[in-house]
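Each remark here refers to the structure printed beneath this line.
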Amino acid sequence: MLTEKKFNLIIVLGIFAFSLIGYVINEPYFITLATKIVILGIAGCALNLILGFGGMVSFGHAMFFGIGSYVAAISAFHSMNGETIDLIFFDFNGSSQMLFNWFLAVIFSMFFALVVGSISIRTSGVYFIMITLAFAQMTYYFSVGWTKYGGEDGLSTYVRNDLFSINTMLPLNFFIICFACLCVVWFILNWVINSNFGNFLKGCKENEEKMRSLGLNPYTLKLTAFVISGAITGLAGALYVDLNRFVSPTSLSWQTSGELIVLVILGGSARLFGPLLGAIVFILLEQFLGEVTENWQFWLGVILVLIVLYFPKGVSGLIIKD
Amino acid sequence: MSLQLFIEQLLNGIQFGFMLFLMSAGLTLIFGVMGLINLAHGSFFMIGAFSASFVAGLTGNFLLAILASLIFPALIGIMVESSIIRKLYERDHLDQVLATFALILIFSEATRYIFGAFPLFLDIPNILQGNILLPGEIVYSKYRLIIIIIGLFIAIGLYFLINRTLLGIQIKAGQNDRQMIRVLGINISRLYTIVFAMGAALAGLAGALIGAIQSVEVGMGEPVLILAFVVIVIGGIGSIKGALIGALLIGVLDTMARLFLPIFFELIMETSQALSLGSSLASISAYLLMALVLIFRPTGLFGKK
């Protein structure tokens, strides 16, 4: 049994070591796996902020992941083919700069999180689950119908965007970029959780009335958390586009929302960075089972059911001592 | 557009609505009585379609196939309820969502393993093929009309079951106060199993009826499942009446939006774009309605405050 701090450190160093090993033995696929873990881990931790700490079960987080993806991909797409987007005040030529596309992705997903959150947070329980799902389905069908950007077939961006003068096409370089993002997200989320705001948010999950009698507004608190979570999930989406150089409506589908929840529960929702462990277990399981059997999803399902029934604290609950 | 076409599409919408009702009735009862969010409900839709198609291929008898679509999902429902689902009633929604999400993976992969990856077909029996002339010169598919009639009968049957039988009284009591019904000495876990099996059978029937119009394939249940959730949220969770009205509302809205939106967009853009934008916005319409209902009535049209 470990303390939470040691546990977090081991997880993060473990991911880093895994990709370094991949580099040393010249197995770029390892590095890609590690990158995927980092990106999904970022999204999972962001979801856990509202799910584990705010008590809001969002079944539509694929929406922010997908919006981040699409915004970054569309910007890169326009920069590639030279076609401008005519905005009322100026023409936008697209961009091949990672930093700028991340910024766009975060701004857009923040905006959507603000709109969706301000409506959804009025409801609670199963209605909250369903209304977040409904909004995500709307964006899904919209992306399917938007033939200009590939519709059902998705949109390819062919090359990775640029960051300073780094060669982002080298797997290890791109991994390190994502890893740096994870560290920043880690820092931000840690700060959020341990601030007064974080304590109030946990208080909202326990007892909203109590928070209200303290003169706080649970609605604003929850909405703020929702927007932070949406913004970070959008960043993960933008990184995912750079990894795959492709985005499709699948990233907005309800199955993706379900998988994000799987990461959170698999890792354990009681700890902020549980989902990072969830991402490791999920990706490795997918990889391992996929090699052993064609019907790996069956066994994944069995394992998930067992975890829900018998290990409600997730995998991290087995490792960390309270 | 002719009036005939409009009425034909309206009937299609009602048929779609009744099919959604078969799905949502079980879903809403399961949530209302046991407090369970069952994402795996769409799997019973699929299992019903597959068992019907299997039995039809074996015997060539459509009635037997329909019977199978009720029995197999109910049996599997009983098995799953008593082994896994039962443990989830006392858990929070999050665990339920995840466990039933995992059940979808299990059911889908198992079906793919047994029947292969290719879609199966279920033929409409000869007697129901072709069209029928309705009053007002309206030509309509016999089979779709039969779906409407079956849906109507089931709605009436459920109404009597809930309001006129002992089982119905127990179900209603279970919705209101689970503790009390236990104290009264009613075998609650048997009641739960019956409700779950009934829901599974209705979903299976819906799957078989639709399977004869579309193809029978893995994953066919999930799009219907998500719409059924929209239906029960609009109707108010736990309310059969709400499920019926919500289902008809969504069925007609979806079908009409699919008919009119492309025509509308054709006025302002080229045909192929109008078609794809129109149909994608039509898919959105149901979710839009749900969001609107929730904004003004956060517990649905017939939900308890």
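Residue numbering restarts at 1 for every chain, and letters A, B, ... go by the order of the sequence lines.
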Heavy-atom contact with chain A under 4.5 Å, split by part of [X]:
X         : answer
Ile226(B) : side chain
Ile232(B) : neither
Phe107(B) : neither
Ser283(B) : both
Val230(B) : neither
Ile106(B) : both

Taking the side chain as C-beta and beyond, is there a heavy-atom pair between [X] and [Y] under 4.5 Å?
X         : Y         : answer
Met138(A) : Leu288(B) : yes
Leu189(A) : Ile232(A) : yes
Ile114(B) : Phe50(B)  : no

With ring centroids as reference points, do Tyr89(B) and Tyr192(B) lie under 6.0 angstrom apart?
yes
Flag the pair Phe196(B) / Phe44(B) as yes when their ring centroid distance falls below 6.0 Å, and as no otherwise.
yes
Just verifying a value: how many Å separate Ser108(B) OG and Met46(B) CE, rounded to the nearest 0.5 Å?
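CE of Met46(B) is found 4.5 Å from OG of Ser108(B).
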In Å, rounded to the nearest 0.5 Å, how long is the span from OG of Ser43(B) to CD1 of Ile47(B)?
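These two atoms lie 6.0 Å from each other.
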Checking heavy atoms, do the side chain of [X], its backbone, both or neither come under 4.5 Å from chain B?
X         : value
Ile307(A) : neither
Leu306(A) : neither
Leu133(A) : side chain
Val305(A) : both
Ile119(A) : side chain
Phe59(A)  : side chain

Which is it for Tyr113(B) and Phe298(A) under the ring pair (Phe, Tyr, Trp, His ring centres under 6.0 Å) test, yes or no, and what are the steps along the way?
CA-CA 10 Å; Tyr113(B) 181 74; Phe298(A) 179 88; 8.3 Å; no
Quick check for you: among [options], which has the greatest number of heavy-atom pairs under 4.5 Å with chain B?
options                                    : value
Ile265(A), Leu266(A), Val144(A)            : Ile265(A)
Trp299(A), Phe142(A), Trp296(A), Trp146(A) : Phe142(A)
Thr123(A), Leu304(A), Val302(A), Asn295(A) : Asn295(A)

Do you know which of Val233(B), Leu277(B), Ile104(B) has the most heavy-atom pairs with chain A at a distance under 4.5 angstrom?
Val233(B)
Heavy-atom pairs under 4.5 Å with chain A - which of Arg91(B), Glu109(B), Lys87(B) has more of them than the others?
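Between Arg91(B), Glu109(B), Lys87(B), the count favours Glu109(B).
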Do Ser229(A) and His61(A) get their side chains close enough for a donor-acceptor pair, meaning under 3.5 Å?
yes
Residues Arg86(B) and Thr193(B): side-chain donor-acceptor under 3.5 angstrom
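Looking only at side-chain atoms, Thr193(B) and Arg86(B) do form a donor-acceptor pair, the distance falling under 3.5 Å.
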Knowing that exactly one of Ile234(B), Ile237(B), Leu39(B) qualifies, which makes a side-chain contact (heavy atoms from CB on, under 4.5 Å) with Phe229(B)?
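It is Leu39(B); the other options fail the test.
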